[in-house]
Every structure is written in C-alpha cells, then in structure tokens.
Protein chains: 2
Amino acid sequence: MLSQVVEGESQVHFRMHQFLARENGKPEALFYIQEGWACRYRLLSDGRRQITALYLPGDYCDPQWVLGGVSSQPVVAITNVRALRLPCRIPSRADFDGQHAFWKALAGMIERQTNWLVSLGRMTALERIAHLLLELFDRMRQAGLAYGQQCAMPLTQIEIADMTGLTPVHVNRTLQSLRARELIELQSKWLRIPELSALRDVFAMTG
Amino acid sequence: MLSQVVEGESQVHFRMHQFLARENGKPEALFYIQEGWACRYRLLSDGRRQITALYLPGDYCDPQWVLGGVSSQPVVAITNVRALRLPCRIPSRADFDGQHAFWKALAGMIERQTNWLVSLGRMTALERIAHLLLELFDRMRQAGLAYGQQCAMPLTQIEIADMTGLTPVHVNRTLQSLRARELIELQSKWLRIPELSALRDVFAMTG
DNA sequence: CGGACTATTGAAGACGTTCAAGGTATGTGG
DNA sequence: CCACATACCTTGAACGTCTTCAATAGTCCG
C-alpha cells in the first residue's frame, strides 16, 4: 500500500552486529526501533570500548540526529533489529502527538544519560549493575515486553562490561554476587527480578 | 528600556553557591549564562556527589528544560553568575537564528555528556583530568574567554573530583603529575596549557 | 587575627584489573 | 546427528590504581 510509505517511511531490518550508523557521517535516517536491541559506542585506540546509549523497542535512534549534528559515534545492532526508517528531521508540526512524543523521547534519553554519569562516576560495581538491570527491566516493561517479573536480556557480559565501565571478569563476579543474594536470576538471555524493591535497595539514590 | 524586556526576558544575578534550580521542580525559567560558572549535580544518600553538567558563559541552562520535563537535578552557581532569564520553551519560530543556535547548543550538551560517559567509564585518572581541562579550555576559548594559552579555572579540586568521579586526594596527586610533566600550569584559579597537543596526547581517542 | 574552606602529604587498605587457564553453550557443515 | 569451531562464561592468583583515614600547611575573607 502506497499510503504506508509516507515521507519515505519504510520498514528496515538489520542483522546482529550490523551498523545502523557509522561515525563521522551525516545520519541518513532516523530509526524507530520496533524489535531488537542496538547500541551506540566509542572505541579508544587501545581497544577500550564504552557503550554510550542503548536502543530498545519503542526508542528513536538516534534522537539527537534531528538536531542537525553528525553522528559522531557508530550504532550497531546487538540482536537482529526491525525498525521504521523515518526522515531525519523534527517531526511534522501538523502531527502534534508525534512531535510531543518525540521530544519526550529525547528528554528521556538525556535523563538516562545523566543517570548513567552518576552510575559510572560514583557507584560501585554492584550498584552499577543493579542500576543497569533495573533500568533495562523498567524500559522493557514500559515497552510492554516484560512478563511478570521477567524480561529478555540479550546482552553478553562483555557488553554489560562496556556499559558499566568494568571488565568482563568483574561483571561475572558481580553478577554471581547478585545471584547469591537472590536479587536476580539471569540465565540464557533471560532476566528475572524476584523483588524489585530488594534490588533497588542495592543502591542509595536521593531524589 | 521596555524593548529589552521581550517576553519576560531580563537579567538576573546569582551569588556563589546559590541555586538556579532545585530538584523535582518545574523549572521556572531558562537561563542564558553571560558570566560565571554553574553546575548540575546529583547527591547519593551517603554523601557521594556527581556533577553531571557544567554551564559556562554562552551556555543555556538547562537546555533540556524546554523539552517539557522537570528539572530532576539541582543547579548551583560555582562562582557569581550573571544570566539572561528566558521563557522556558522552545525559541520562537520567527527567530530562526535563535532557534538554530539553541538546537546546536542542545546538541553540543548531549555530545559533551556522551564524551563524559567515555571518560568516566574507560579512562584513567590522568586521562580524565586531561580531558576535562582540555574541554574547559576549549569551551572558554570558544566563548572568547581564553587569552593565549590560558583561561580562568574557578573549580576547586573537590569540584574536579565530583566531575571526574575521583577523590579530592587523588585529583591533587594527578594534577601534580600533570604539572611535573609540564603539561599544565594551574594556580590561583588560572589554567595555562603550554602545548595543547602534548596534553591531548595523554589520552588516546579514536574518531 | 581568627575561622573556614582548600590544598598537600603519608601510609595502609580495598576494589577492581590483569593474565591465564579451563569449562560451557551455540551454531554450522558434513 | 555428530563433530568441530567460535564465542561466551567461569575460576584462581597476583597486581595496581585509587580510596580511606589522618594530620599538617596554605589561602581567603570578614
């Protein structure tokens, strides 16, 4: 149907490890993720990697592109991804709902990025990983992708390390510690949080 | 003159340690900083603090407020501050230049925040502080406030610690190391960088 | 001049890293 | 269906960066 292809809007697919955007290029499109996970990251010349954003179903990737900049960091698919390809500019003013939703999404991304700064700067390994898992579970729940107390968790421990600023070895030991305290169950890419409040007690945020 | 007070725009002053915004409140105004430094931060319940944004002359504080959210973090003046108080919404569409400049400012803040994630997550103390000082010098230069190879640097070592996720003690030792290598001169709130390229070589970024 | 905040120094200790090895899952082709 | 390769996970031991605690000196400002 032609009517579905409004302003170049169309559905696209990416395979695991495929790039949605490369660095130093003008992003050619804005993607509305419908299924799968992706992430933005930066590499240092000696191989150290820091993931700087995670895109889940329902997220725009990357919202800041509409502000007119370039994509200074690559975005890669963590799992297979199905997305809507949108024109890379501020949503039409006629579409008030869409515009409002988009600004809200951008504000949400900034808010999460700020929380992440606190996590990386001032939290211990245990707190960082608890914080990450809680955020992921919450976002999956808001996307309607949580089932009871569990949700999919496709990240490898290496990817968790690259998000939390730790080494894979220490991520492994920290996850074991969380498991031993019965705060999480995590196996075969599936996360279960028996008691949200118990996991939240791990870190001590004010406000 | 009445014509200078357009849409409630007016000049305001804040003294050192005075709040421009408190947490969990709807921000009442957007501030265009004309003079002085301010910062946004979060406190953990045990006293740990992480600064999550720094506002220098020429910056909007806080750009994300126009996206319609609440200010989830307090903003406090580091020095005395003189600012322009603007209505807290997206700049008028009639003012194309202003609008464009504002989006560029917002994009710049997001970009810096992203770089900060890399710094906190994957860089050593030496790299983090070199990175911070370079960013500050660069922003001061762009604001026309650098004189040759030097600029004002009103931050205390405690504030540097709260930005870089380190302890004040370690910040002190790391600064001494930078001084010993003759990469920086820093005394009485004044920073001099003899060779930008030498300081840049401290950290190894790709891209 | 006195008080408070900031900077500096030393020594001991903790958290996380590094290196290395072995074990477990997952997918692919024969 | 099994064999094999690759990636991921797990474990141990030694090490290093950064923290913590504590005490002293310096600076700013009323």
Side-chain angles (χ1 to χ4, degrees), chain A residues 15-17 37 44 46-51 76-80 119-133 152-180 184-191 202-203, chain B residues 15-17 37 44 46-51 76-80 119-133 152-180 184-191 202-203:
Chain A
R15 314 206 61 152
M16 197 192 299
H17 298 154
W37 293 27
L44 303 190
D46 58 358
R48 286 176 288 180
R49 185 173 87 137
Q50 178 65 42
I51 292 177
V76 73
I78 289 176
T79 65
N80 290 343
S119 183
L120 291 178
R122 288 305 188 195
M123 290 191 180
T124 64
L126 204 73
E127 291 170 318
R128 287 186 212 181
I129 292 185
H131 183 260
L132 172 64
L133 296 179
M153 233 298 293
L155 299 178
T156 67
Q157 293 184 0
I158 294 175
E159 286 159 341
I160 294 177
D162 286 342
M163 276 198 276
T164 54
L166 302 166
T167 56
V169 172
H170 201 60
V171 167
N172 183 291
R173 292 180 171 130
T174 307
L175 285 174
Q176 286 179 56
S177 170
L178 285 169
R179 278 191 276 246
I184 64 167
E185 293 167 34
L186 179 57
Q187 51 190 307
S188 46
K189 308 297 178 197
W190 204 253
L191 169 69
V202 167
F203 61 91
Chain B
R15 314 208 59 154
M16 198 192 298
H17 298 154
W37 293 26
L44 303 190
D46 58 358
R48 285 176 288 180
R49 185 172 89 136
Q50 178 65 43
I51 292 177
V76 72
I78 289 176
T79 66
N80 289 343
S119 181
L120 291 178
R122 288 305 187 195
M123 291 191 181
T124 64
L126 204 74
E127 291 169 318
R128 287 186 212 180
I129 292 186
H131 183 259
L132 172 65
L133 296 180
M153 233 297 294
L155 300 177
T156 67
Q157 294 184 0
I158 295 175
E159 286 160 341
I160 295 177
D162 286 342
M163 275 197 277
T164 53
L166 302 166
T167 57
V169 172
H170 201 61
V171 166
N172 183 292
R173 293 182 171 132
T174 306
L175 285 175
Q176 288 180 54
S177 169
L178 286 169
R179 277 191 277 246
I184 63 166
E185 292 167 37
L186 178 58
Q187 51 190 310
S188 46
K189 308 298 178 198
W190 205 254
L191 169 69
V202 168
F203 60 92

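All figures in this text were calculated on a predicted structure; none of them were measured in a lab.
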### Query
Once you round it to whole Å, what is the distance between P of C:dA14 and CD of A:E127?
18 Å
#### Entry: Spacing of A:L166 atom CG relative to C:dT17 atom C1', expressed in whole Å
10 Å
### Nearest atoms (heavy-atom pairs only) where A:L120 meets A:Q50
CD1-NE2, 3.9 Å
### Message
Going by side-chain contact (heavy atoms from CB on, under 4.5 Å), name the residues that satisfy it together with A:T174, two or more places apart in sequence or in a different chain.
### Response
A:A125, A:L126, A:I129, A:H170
### Query
Bend angle of the helix from C:dC1-D:dG30 to C:dA21-D:dT10 from five-pair axes at both ends, rounded to 10°?
50°
### Interatomic distance where NE2 belongs to B:H170 and C1' belongs to C:dT9 [whole Å]
15 Å
### Message
Listing request: all salt bridge (Lys or Arg N to Asp or Glu O under 4.0 Å) pairs with a residue in residues 152-164 of chain B, at least two apart in sequence or in separate chains.
### Response
A:R122-B:D162, B:R49-B:D162
### Query
Reckon B:S188 touches a base, only the sugar-phosphate, or nothing at all at heavy-atom distances under 4.0 Å?
nothing
### Query
Mind checking which nucleotides bracket the chain B contacts on DNA chain D, 5' to 3', with an atom under 4.0 Å from a heavy atom?
D:dC18 to D:dC21
### Task
For residues A:A130 and A:L178, report the shortest heavy-atom separation together with the two atoms involved.
N-CD1, 4.4 Å
### Query
Per the side-chain contact (heavy atoms from CB on, under 4.5 Å) rule, which among B:I158, B:L155, B:T156, B:L166 passes with B:V171?
B:L166
### Message
Among residues at least two apart in sequence or on other chains, which ones pass side-chain contact (heavy atoms from CB on, under 4.5 Å) with B:R179?
### Response
B:Q157, B:L175, B:Q176, B:I184, B:L186
Check nucleotides 6-8 of chain C against the protein and report each pair of N or O atoms closer than 3.5 Å, with its distance, or say if there are none.
residue, atom, partner, partner atom, Å
C:dA7, OP2, B:Q157, N, 2.8
C:dT8, OP2, B:Q157, NE2, 2.6
C:dT8, OP2, B:N172, ND2, 2.7
C:dT8, O5', B:N172, ND2, 3.2

### Spacing of A:R128 atom CZ and A:L133 atom CG [to the nearest 0.5 Å]
14.0 Å
### Query
Roughly how far apart are A:M123 CE and B:R48 CZ, rounded to 0.5 Å?
6.5 Å
### Task
To the nearest 0.5 Å, tell me how far B:E127 CD sits from A:L44 CG.
7.0 Å
### Query
Who passes side chain to side chain donor-acceptor pair (under 3.5 Å) against A:S177, sequence neighbours left out?
A:R181
